[in-house]
There are 2 protein chains.
Amino acid sequence: MASDHTRTAILAAAERLYADRGFGDVTLRDIVAEANVNLAAVNYHFGSKDELIAELFVTRSIATNRERLRELKAAEEQGGGRAPIELILHALVGPTLRGCLGPENQRSAAARFMIRASIESVPPIRRIKNREIDHLRKFAGAMRRALPDRSDVDIYWGLNFALAMAHHTIRESERLIKLSEGKCDLDDVEDVIARVVSVATMALTAGKVETKARALARDAR
Amino acid sequence: MASDHTRTAILAAAERLYADRGFGDVTLRDIVAEANVNLAAVNYHFGSKDELIAELFVTRSIATNRERLRELKAAEEQGGGRAPIELILHALVGPTLRGCLGPENQRSAAARFMIRASIESVPPIRRIKNREIDHLRKFAGAMRRALPDRSDVDIYWGLNFALAMAHHTIRESERLIKLSEGKCDLDDVEDVIARVVSVATMALTAGKVETKARALARDAR
DNA sequence: GATAGTTTCATACAACTGTTTGAATTGCAA
DNA sequence: TTGCAATTCAAACAGTTGTATGAAACTATC
């Protein structure tokens with residue numbers, strides 16, 4: 001196993017560079033220069049460029065998922081096996097938002113890397129994301145227990161919308177700030193989380209308001 | 001100007017190939033082969049590969065934006081300058097969702113191309129997206145008129161969440177179908193639109209429920 | 001039907017990519 | 001110290017990419 005120094009240096013350099021400049025224009029040669037190691041070291045230690053990216057992403061994903069499940073478990077135990085829907089949603093979107101938003105100067109390379117991964121979506125990462133379904137199922141289960149009289153379809157839509165708001169806000173944070181001329185404060189992460197959770201909760205608990213929107217749309221035609 | 005035949009063939013071929021296989025692994029050589037034209041034709045007619053992609057995206061974007069504004073204008077005129085918020089949101093997310101969802105076999109190459117553009121986010125497209133802010137401002141204005149007692153911040157967040165739900169549903173449609181085991185029917189586009197509009201409307205009109213979610217989160221800590 | 005301008009074509013170019021190779025070096029165990 | 005495996009290194013490889021070139025083929029105008 002030896003000192004592992006080279007491996008670690010490559011991982012750190014790659015994370016930093018990808019975070020700063022995106023996957024598109026960072027080459028292996030950039031990475032090894034930043035890490036002060038030889039070009040061949042990447043293939044020696046990781047097998048290929050894609051496996052390097054995958055390892056970076058998996059490491060961070062596992063950390064996020066663990067954090068999510070920790071929050072979920074705590075909430076369910078506190079409620080005797082049934083957590084309030086707000087806390088479930090909080091566990092779902094909180095860790096990601098907390099990791100990716102917040103004051104720029106205190107955003108870690110890891111966080112910035114995950115933002116990039118969310119924006120650019122390169123093949124090795126997409127392959128991993130597809131395996132995330134099992135993880136989401138655990139949340140769907142908890143939500144079903146919290147809202148036993150909602151249909152599965154509504155549960156899944158609520159889950160989808162919660163993730164939508166969280167991820168889109170991260171992806172398009174720059175645009176939202178520009179559009180709102182700074183009025184939307186994305187540095188206040190807990191406020192952002194509260195907004196997402198609040199809206200998702202309404203989506204999951206409100207009556208069938210859709211019909212009204214639908215009727216209006218029909219009238220307009 | 002002449003017959004324009006080559007130009008058109010390239011555009012059509014590029015759109016089809018990008019739609020099917022993504023920007024990542026479609027080369028100029030693939031495109032010219034599909035279009036049955038010479039390799040140099042792309043640079044002759046478009047200047048560069050990026051300009052070709054940009055032209056494709058701009059064309060489709062303009063069409064979508066025109067459709068959006070048409071719906072918005074109709075709604076505002078019908079309401080004497082102030083449209084109900086549901087119709088504004090419907091005008092905002094309807095055209096995109098209608099263009100990108102629906103039964104797969106009747107999804108046009110144009111629609112599939114826009115889905116790709118939304119998923120992969122390649123540099124020339126990102127540059128154009130950044131110029132979309134002015135367009136969104138028009139919707140923010142209409143929303144402000146519809147909900148005069150909401151703060152600007154709430155308006156922008158509502159706008160952000162509406163777009164979030166629409167775009168994320170398109171981007172991750174495959175995953176949502178898998179996760180829900182087909183229970184979420186993305187072919188019923190009008191139902192999807194109604195759901196998005198409904199939730200966004202709640203987000204924009206409901207009282208400050210956030211405080212409850214926030215308190216719960218605080219308690220859990 | 002000659003001319004000028006546009007469009008097509010085959011081909012070459014130049015640069016960059018991730019990966020491989022095989023020798024040199026290092027570190028550790030016997 | 002010797003021997004052996006793990007690691008590092010410079011160099012080259014093989015493939016692909018978008019773009020440029022200059023001659024050839026058109027097309028329309030007079």
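Each chain gets a letter, A, B and so on, in the order its sequence line appears, and its residues count up from 1.
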Rounded to the nearest angstrom, tell me the gap between atom CG in B:L39 and atom C1' in D:dT21.
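From B:L39 CG to D:dT21 C1': 13 Å.
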
Over 12 foreign heavy atoms within 6.0 Å of CD, B:E132
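Enclosed.
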
Between A:T6 and D:dT7, does any side-chain N or O lie under 4.0 Å from OP1 or OP2?
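For D:dT7, neither OP1 nor OP2 has a side-chain N or O of A:T6 closer than 4.0 Å.
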
Report the distance from atom CG of A:L136 to atom CG of A:L163, rounding to the nearest 0.5 Å.
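Here the rounded value is 6.0 Å.
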
Selection: residues 41-58 of chain B, any non-hydrogen atom under 4.0 Å of DNA chain D:
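Here the set is B:N43, B:S48, B:K49.
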
Output the residues of residues 11-38 of chain A in contact with DNA chain D, where contact means a heavy atom of the residue under 4.0 Å from an atom of the strand; sort by number or write none.
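Within this stretch, A:R29, A:N38 sit under 4.0 Å of the strand.
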
Inspect the contact between [Y] and [X] and indicate whether a charged nitrogen and a carboxylate oxygen are less than 4.0 angstrom apart.
X      : Y      : value
B:K183 : A:D154 : no
A:D30  : A:R21  : yes
A:D191 : A:R195 : yes
A:E55  : A:R7   : yes

Any chance the rings of A:F113 and A:F23 have centres within less than 6.0 Å?
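For A:F113 and A:F23, the ring centres are under 6.0 Å apart.
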
With a 4.5 Å cut-off on side-chain heavy atoms, are A:V32 and A:I10 touching?
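No, their side chains stay 4.5 Å or more apart.
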
